[in-house]
Amino acid sequence: MDDGALLERLRAGDEAAFTELVGRYSGALLRLVRMYVPSAAVAEEVVQETWLGVLSGLDGFEGRSSLRTWLFRIAINRARTRGSRERRTVPFASLADREAGEEHPSVAPERFLGPDHDRWPHHWATPPRRWEESPDRRLESHETVERVLAAIAQLPPAQRAVITLRDIEGWESSEVCNTLEISETNQRVLLHRARSRVRADLETYFAE
Amino acid sequence: MTELPEMPCQELVEVVTDYLDGALSAPDRARFEAHLADCDACRDYVDQFRETISLVGRVEPEQLSPQAREQLLDAFRGWRVRS
């Protein structure tokens, strides 16, 4: 059932619709909120407060934005308030600007031939090795996914938020831009950085 | 028609997400695809990039604890009674 239909049922007081929405979005909310607050326990409290905020704001919600954009804005606002009480927070858009503005090559420059190479300037000097599966290094194993999760946890916050919404939660780019209030261009730069770093980490993992 | 300049490997690795999102200009898209048709190493690279996206997609979304969900349901029932 789509969000619009669930929203109508929620307005009518349908408990199953509430349970469905909580199940659908709490995971992404937890990850996003976690960027602003110091612990998983606080993140869980903020997500609970967010849902209570949804219930109390439901009458005033006119549906001009999508339900999920509204929901995530509530969560980000609450997380920010909570986070600023516990430590300093920087607005998301300026984090995004800063991260997107830093030079960070997708692949280390020393893996390419220099600009003055006579035949193949800027071509691979050390090309990527194919990821060989072995009995203890399987591509789709639980361990590999754990490694991916650890690599995502190491990313700078704005990159982590964008890859979470795009590639874990499967959102469209326009929705990510609306919710995080960042430009299409910054969104794509951050996503590309994040994916490139995770790929590089997996390359190390498969070469270990 | 003038021939487009080649897209070297080092440029290609920077625009893979733009390519996959359909955000490259038509000439850059043509340069990307022409290079890829000719370069095994970049084909491997783009395969790894796609594999990475698919592996990220296998990460399980987090969940609220059962206690937190219970508390929310209680709050929901209270809200329904009041409204």
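Just so it is clear: chains get the letters A, B, ... in the order the sequence lines come, proteins before strands, and each one is counted from 1.
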Max heavy-atom pair count under 4.5 Å with chain B, selected residue of [options]:
options	answer
A:Glu184, A:Arg193, A:Arg147, A:Arg166	A:Arg166
A:Pro105, A:Pro128, A:Ser56, A:Pro127	A:Pro128
A:Val47, A:Asp167, A:Leu55, A:Leu30	A:Leu55

Can you tell me how far [atom2] of [Y] sits from [atom1] of [X], rounded to the nearest 0.5 angstrom?
X	Y	atom1	atom2	value
A:Leu149	B:Arg58	CG	CZ	13.5 Å
B:Leu72	A:Leu52	CG	CG	6.0 Å
B:Leu64	A:Gln48	CG	CD	6.5 Å
B:Trp79	A:Phe18	CH2	CZ	8.5 Å
B:Asp40	A:Arg130	CG	CZ	8.0 Å

Quick one: closest heavy-atom pair of [X] and [Y], and the distance?
X	Y	answer
A:Pro121	B:Pro8	O-CB, 4.0 Å
A:Ile168	B:Val59	CG2-O, 3.7 Å
A:His192	B:Val15	NE2-N, 4.2 Å
B:Ser65	A:Glu44	OG-OE2, 2.8 Å

So [Y] and [X], do their side chains get closer than 4.5 Å, heavy atoms only?
X	Y	result
A:Trp124	B:Cys42	yes
A:Thr19	B:Phe76	no
A:His122	B:Cys9	no
B:Phe49	A:Val198	no
B:Thr17	A:Arg195	yes
A:Ser106	B:Tyr45	yes
A:Phe112	B:Val13	yes
B:Arg69	A:Val22	yes

Assess whether atom [atom1] of [X] is packed by more than 12 heavy atoms of other residues, nucleotides or ligands within 6.0 Å.
X	atom1	result
A:Glu208	CD	yes
B:Arg50	CZ	no
A:Asp2	CG	yes

Has [X] got a side-chain atom pairing as donor or acceptor with [Y]'s backbone, closer than 3.5 angstrom?
X	Y	value
B:Glu62	A:Arg31	no
B:Gln63	A:Gly27	no
B:Gln48	A:Arg129	yes

With a 4.5 angstrom heavy-atom cut-off, which part of B:Arg82 approaches chain A: side chain, backbone, both or neither?
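Neither the backbone nor the side chain of B:Arg82 comes within 4.5 Å of chain A.
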
Given that the side chain runs from C-beta out, which part of B:Asp21 has a heavy atom under 4.5 Å from chain A: side chain, backbone, both or neither?
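Side chain of B:Asp21 only, per the 4.5 Å heavy-atom cut-off to chain A.
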
Starting from the C-alpha separation in whole Å, work towards a yes-or-no answer on side-chain contact (heavy atoms from CB on, under 4.5 Å) for B:Asp18 and A:Arg188.
CA-CA 7 Å; B:Asp18 292 38; A:Arg188 211 171 294 111; 3.6 Å; yes

Is it the side chain or the backbone of [X] that comes within 4.5 Å of chain B heavy atoms, both, or neither?
X	value
A:Glu169	side chain
A:Glu146	neither
A:Leu202	side chain
A:Leu29	neither

Indicate yes or no: does A:Glu15 engage B:Arg80 in a salt bridge with an N to O separation below 4.0 Å.
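Yes.
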
Pair A:His123-B:Glu6, side-chain donor/acceptor within less than 3.5 Å:
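Judged by distance alone, the side chains do pair up.
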
Pick from B:Ala75, B:Ala41, B:Ser54 with the largest number of heavy-atom pairs that fall under 4.5 Å of chain A:
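Of the options given, most contacts go to B:Ala41.
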
